[in-house]
Amino acid sequence: MAASPAIDLGEPLAALFKRARVADSLYRRYVGRLAELGVGDAGDLLDEVAEKGIGSLSIHDRQAEKLRQALLGRRGWGDAAAVLASLSGLSLGDT
């Protein structure tokens, strides 16, 4: 089984999208919407997904899948809260 990628909660969105191989033109399309939601880095993205689900970001399914693989490896978006909690030292009840 492949190891899960290391997660840097402070990774800027531009770097995350590039690492996920999301086209720059698509990143520019999404960045304004993400900024409106207060999503500025990988940690914010995980937090938003944990709280409201990936659909709240209005990102096309194919691009969302690339981001999931870059951030979570084999884990699913449903694991975002647990991953975020483990990385930030919170209990699941705190998320």
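Because the structure is a prediction, the values reported are computed rather than measured. The figures that follow rest on heavy atoms only: side chains count, while hydrogens, waters and symmetry mates do not.
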*asked:* Taking salt bridge (charged side-chain N to carboxylate O under 4.0 Å, His left out) as the cut-off, I'd like each qualifying pair that reaches into residues 22-36, sequence neighbours left out, listed once.
replied: Asp24-Arg28
*How far apart are the closest heavy atoms of Leu57 and Glu48, and which atoms are they?*
CD2-CG, 3.4 Å
*Only counting residues at least two apart or in another chain, list the ones meeting side chain to side chain contact (heavy atoms under 4.5 Å, CB included) with Ala23.*
Ser25, Leu26
*asked:* Applying side chain to side chain contact (heavy atoms under 4.5 Å, CB included), can you list everything that pairs with Ala35, at least two apart in sequence or on another chain?
replied: none
*To the nearest 0.5 Å, how far apart are CG in Leu13 and CG in Leu45?*
6.5 Å
_Spacing of OG belonging to Ser58 relative to CG belonging to Leu37, to within rounding of 0.5 Å_ = 7.5 Å
*asked:* Tell me which pairs pass ring pair (Phe, Tyr, Trp, His ring centres under 6.0 Å) where either residue lies in residues 52-75, with sequence neighbours left out.
replied: none
*Below 4.5 Å, heavy atoms only, C-beta onward: do Ile59 and Phe17 meet side chain to side chain?*
yes
*Atom CG in Leu67, atom CD1 in Ile54: separation rounded to 0.5 Å?*
7.0 Å
*With Asp41, which residues qualify under side chain to side chain contact (heavy atoms under 4.5 Å, CB included), at least two apart?*
Asp44
_Partners passing salt bridge (Lys or Arg N to Asp or Glu O under 4.0 Å) against Glu65 (at least two apart in sequence or in another chain)_ = Arg68
*Could you tell me which residues satisfy salt bridge (Lys or Arg N to Asp or Glu O under 4.0 Å) with Lys18, sequence neighbours excluded, listed by chain and number?*
none
*With sequence neighbours excluded, tell me which residues meet side chain to side chain donor-acceptor pair (under 3.5 Å) with Glu11.*
Arg19
*Quick one: ring-ring contact (aromatic ring centres under 6.0 Å, His included) partners of Tyr30, sequence neighbours excluded?*
none
*Indicate yes or no for a side-chain donor-acceptor contact from Lys66 to the backbone of Ala20 under 3.5 Å, with no hydrogens or angles considered.*
no
*asked:* Between Asp47 and Val39, is there a side-chain heavy-atom distance shorter than 4.5 Å?
replied: no
